[in-house]
Amino acid sequence: MKLRTAALFIACSALSTAAMAQAGKAPAVNKPIAHNDPGRSGWNPLETKLTPATVGSADFGPVWSSPQLDSFENTPPRLFSAPLYLQSVKMTGGAHRGKTFPVTFVTTTTGYAYAISTAAVGGVAPGTILWRTRLTETPCNKGTLGNYGTGVIDMKANRFYVTSCSSASGENLWSAHALDLRSGQQLPGWPVALSQAVIDQPSLNRNGKRTWQLGKKYRYVQRGALVLNGDGSRLYLAFGADAVGWMLVLDVPSRKVVSAFSATPDDVQDGGGMWAQGGPALDEKGRLYVSTGSNLQDGINLGLESMHPDKQNNWSHSILQFEDNRTNGLTLTGSYTPYNYCQAGKADIDIGSSPVITVNLPAGTSQTTNLLVLGGGKQGVIYLLDRDKMPGSLTQRQACALDPATDLSLLAPEPQPEWKRRGPISLFKPFSDEYGAFDQAKSRTSASYYRDAKGDTYIYVSGASKKGENFNTSAPPSLAKVKVVASPNAPAHLKVDKLEMKTTLHNAGSPVISSNGGNDAIVWVVDQNAARTVSLYAAKPPQPILYAFDAVTLDTIWKSPEGELATTGNYSEVTVANGQVLVGTDRIQAYGLKSK
């Protein structure tokens with residue numbers, strides 16, 4: 001089965017929208033994976049109802065809500081995972097068996113998975129829970145860590161893959177589940193344990209002799225969104241622990257973990273957590289990409305040496321490219337590490353807080369048409385790479401450096417204002433190698449991209465600049481629009497097009513984009529409306545705000561009133577499909593046009 005990557009999705013979107021409009025048919029819109037497609041574009045170009053004009057009118061607002069989802073004992077649910085969406089699902093079990101619905105699929109921190117109707121069908125109201133499945137009886141951290149990562153749907157096989165964390169044994173034990181998306185039933189042979197006994201098998205780890213060490217030192221979190229390979233036979237799962245990261249490959253037919261890659265090669269060197277909420281990206285050639293983090297405690301204790309710059313096969317604070325096949329499993333085929341990884345990494349100002357996205361330019365428009373972007377990270381910097389020629393070594397990161405002009409990414413030709421010479425572009429200021437952890441972090445979200453009717457490609461990044469004595473107070477800009485500058489005889493590079501200077505996002509989620517082909521584009525961002533360190537379980541927890549920005553001007557088109565949305569998880573992402581905006585909080589809350 002050929003991958004429906006961002007490149008194919010975007011190349012065909014305008015034509016398919018126009019053709020279906022002429023035929024009088026609405027285009028089918030599905031979101032079976034976080035950030036819209038395996039390449040994580042974050043773009044739905046088939047939205048015909050929600051335009052800047054309609055969203056900015058009095059007709060746009062809340063249209064329905066599900067009930068609050070299940071708590072665990074006294075702990076309310078939170079959705080760190082993004083709502084997924086299928087336009088047409090025929091139920092095969094439960095009270096609604098035989099009926100067909102548009103459905104959103106969600107998972108919660110309290111350890112449940114749900115299918116929820118998004119439209120009225122046969123007397124069944126939107127927001128109705130069609131099925132619920134309890135993934136674990138004892139969700140980790142007393143119900144705050146039952147599920148963090150967004151699952152993935154295999155539409156051909158009618159499967160919804162998710163993970164869960166159970167603390168029945170007193171340790172955080174993770175499992176992978178396969179649910180029938182039509183009934184919520186667990187499929188035979190599932191769940192699959194992601195345990196130390198499984199992962200520490202000889203030769204499973206393709207990067208040295210690192211061991212899982214569950215219960216000895218590390219607490220693992222599966223926060224990154226899941227992704228399937230093109231034929232649905234391999235499921236990729238990224239893990240972060242307190243100090244180490246892993247990529248696991250689960251072979252779906254055999255229901256076994258068949259390959260793994262630890263970010264560091266042994267049990268002495270720490271770092272490399274694969275934390276980013278958006279998860280690994282997959283391109284049309286089947287190559288897998290992931291960003292990695294660092295380790296604050298080692299940075300405090302060891303300084304620059306915590307990054308182990310002189311050691312081979314240490315891939316903390318980097319972007320990695322893999323190929324995967326049944327014979328060799330995961331193989332590292334490319335790497336990139338920012339020039340200042342030692343200085344930034346020792347302060348835990350890592351790029352691994354943001355995931356990568358793939359960006360494909362039309363053939364012939366640049367010497368580098370197959371691109372990779374990481375937008376934001378804790379330092380607030382955007383990076384552009386040629387994913388056909390990843391610039392790093394396959395054995396060791398480059399030596400520590402302080403000169404931004406030596407960075408190996410695709411740099412703009414003009415000097416950058418931060419250092420009066422070439423270097424990566426700092427979006428959210430001030431640039432610092434010292435301040436950037438906790439509430440000082442400038443971004444922890446996934447970028448998105450959009451191609452307008454003229455053929456120009458733009459990247460959108462959410463975050464915040466920082467000010468104040470301790471650099472932990474958010475300030476504009478909180479949304480950046482960056483143009484991909486392309487010419488046939490040169491590599492592509494980035495240039496800031498606009499910065500939104502009126503809005504302060506305190507703890508932004510990932511931007512997503514809806515448009516009608518290359519027109520009527522809107523950037524949607526949900527902001528936690530409180531600093532990252534504010535408890536989501538306080539007596540008065542933060543209540544987020546949903547924003548709609550014009551993708552051309554970055555002007556605010558609309559924002560939800562204070563207090564209208566219930567508390568959500570951090571870094572949450574909305575889903576825009578068929579004239580509705582689905583927001584996961586402690587329930588699903590939907591926005592759209594009140595008159596249809």
Side-chain angles (χ1 to χ4, degrees), residues 16-17 20-21 23-33 36 44 46-50 54-55 59-70 77 79 81-108 112-134 150-162 179-187 512 514 524 546 565-566 574-596:
S16 63
T17 300
M20 290 181 178
K25 297 180 180 179
V29 176
N30 296 297
K31 182 182 175 180
I33 186 170
N36 290 71
N44 168 17
L46 301 177
E47 179 52 57
T48 59
K49 298 177 182 178
L50 301 181
T54 59
V55 171
D59 201 31
F60 183 80
V63 289
W64 59 263
S65 174
S66 76
Q68 180 176 323
L69 303 177
D70 294 89
L79 270 72
S81 60
L84 302 181
Y85 174 85
L86 296 183
Q87 186 169 295
S88 180
V89 180
K90 186 175 183 178
M91 295 292 115
T92 60
H96 307 289
R97 182 174 182 174
K99 294 182 179 179
T100 300
F101 298 87
V103 182
T104 183
F105 297 88
V106 298
T107 50
T108 65
Y112 287 83
Y114 301 86
I116 299 171
S117 174
T118 67
V121 174
V124 179
T128 298
I129 296 174
L130 303 173
W131 57 251
R132 61 162 51 81
T133 297
R134 193 166 190 174
T150 304
V152 63
I153 291 172
D154 186 330
M155 295 173 60
K156 185 176 181 181
N158 289 310
R159 291 184 174 192
F160 181 30
Y161 295 101
V162 296
L179 308 179
D180 187 319
L181 58 83
R182 302 162 298 181
S183 67
Q185 294 295 309
Q186 188 96 236
L187 296 173
V512 297
S514 65
W524 302 89
L546 174 63
L565 287 169
V574 304
T575 290
V576 184
N578 289 332
Q580 292 189 353
V581 183
L582 306 177
V583 188
T585 55
D586 63 359
R587 65 202 71 193
I588 294 294
Q589 295 177 249
Y591 290 83
L593 302 177
K594 298 171 187 177
S595 61
K596 298 182 180 179

Subject >> From CD (Gln87) to CZ (Phe101), nearest 0.5 Å >> reply: 15.0 Å
**OP:** Answer whether the closest heavy-atom distance between the side chains of Asn158 and Thr92 falls below 4.5 Å.
**Re:** no
Subject >> Rounded distance (nearest 0.5 Å) linking atom CZ of Phe105 with atom OG of Ser81 >> reply: 13.0 Å
**OP:** Say whether, by atom type as modelled, one donor and one acceptor occur between the side chain of Thr150 and the main chain of Ala82 under 3.5 angstrom.
**Re:** yes
**OP:** Output, in order, the C-alpha distance, side-chain angles, deciding distance and verdict of side-chain contact (heavy atoms from CB on, under 4.5 Å) for Tyr114 and Thr133.
**Re:** CA-CA 6 Å; Tyr114 301 86; Thr133 297; over 6 Å; no
Subject >> Non-hydrogen atoms of Pro77 and Asp70 that approach each other most closely >> reply: CB-O, 3.5 Å
**OP:** For residues 95-106, pull every pair meeting side-chain hydrogen bond (donor to acceptor under 3.5 Å, both in side chains), keeping only residues two or more places apart or in separate chains.
**Re:** none
**OP:** Report yes if the side chains of Leu79 and Thr585 come closer than 4.5 Å at any heavy-atom pair, otherwise no.
**Re:** no
Subject >> Smallest separation among heavy atoms of Trp64 and Leu582, with atom names >> reply: CZ2-CD2, 3.8 Å
Subject >> Residue pair Leu86 / Pro32: nearest heavy atoms and the distance that separates them >> reply: CD2-CB, 4.4 Å
**OP:** Apply salt bridge (Lys or Arg N to Asp or Glu O under 4.0 Å) to Arg182 and list each qualifying residue two or more places apart in sequence or on a separate chain.
**Re:** Asp180
Subject >> Partner residues of Gln68 under the side chain to side chain donor-acceptor pair (under 3.5 Å) criterion, sequence neighbours left out >> reply: Arg587
Original post:
Ignoring hydrogens and geometry, is there a side-chain-to-backbone donor-acceptor pair from Gln580 to Thr118 under 3.5 Å?
Top reply: yes
Original post:
Does the Gln589 side chain pair with the main chain of Ser66, one donor and one acceptor, at a distance under 3.5 Å?
Top reply: no
Subject >> Reported CG-to-CG distance for the pair Leu130 and Leu181, which is rounded to 0.5 angstrom >> reply: 11.5 Å
Original post:
Below 4.5 Å, heavy atoms only, C-beta onward: do Val63 and Tyr591 meet side chain to side chain?
Top reply: no
Subject >> Thr128 and Ser117 side chains, donor-acceptor separation under 3.5 Å >> reply: no
Original post:
At their closest point, which heavy atom of Ala113 faces which heavy atom of Phe160, and how far apart are they?
Top reply: CB-CE2, 4.4 Å
Original post:
Roughly how far, to the nearest 0.5 Å, is CZ of Arg134 from OH of Tyr112?
Top reply: 3.5 Å
Subject >> Close side-chain approach of Pro83 to Val583, heavy-atom, < 4.5 Å >> reply: no
**OP:** Calculate, to the nearest 0.5 Å, the distance between atoms CG and CG belonging to Asn36 and Leu46 respectively.
**Re:** 10.0 Å
Original post:
Under 3.5 Å, side chain of Thr107 to main-chain N/O of Val162, donor-acceptor pair present?
Top reply: no
Original post:
Could you go step by step and tell me if Leu69 and Ile116 meet the side-chain contact (heavy atoms from CB on, under 4.5 Å) rule?
Top reply: CA-CA 11 Å; Leu69 303 177; Ile116 299 171; 4.2 Å; yes
Original post:
Between Leu187 and Leu179, is any pair of side-chain heavy atoms under 4.5 Å apart?
Top reply: no
Subject >> Heavy-atom pair with the smallest gap, counting every atom of Lys31 and Val574 >> reply: NZ-O, 3.4 Å
**OP:** For side-chain contact (heavy atoms from CB on, under 4.5 Å), just list the numbers for Val106 and Ile588, CA-CA rounded to whole Å, side-chain angles, deciding distance to a tenth of an Å, and then say yes or no.
**Re:** CA-CA 9 Å; Val106 298; Ile588 294 294; 3.5 Å; yes
Original post:
Out of Asp154, Ile153, Val152, which one pairs with Ile33 under the side-chain contact (heavy atoms from CB on, under 4.5 Å) rule?
Top reply: Val152
**OP:** Go through Thr54 and Asp59 one step at a time and tell me if the side-chain contact (heavy atoms from CB on, under 4.5 Å) criterion holds.
**Re:** CA-CA 7 Å; Thr54 59; Asp59 201 31; over 6 Å; no
Subject >> Heavy-atom closest pair, residues Thr575 and Tyr85 >> reply: CG2-CB, 4.1 Å
Original post:
Does the pair Ser514 and Asn44 meet the rule for a side chain to side chain donor-acceptor pair (under 3.5 Å), with working shown?
Top reply: CA-CA 5 Å; Ser514 65; Asn44 168 17; over 6 Å; no
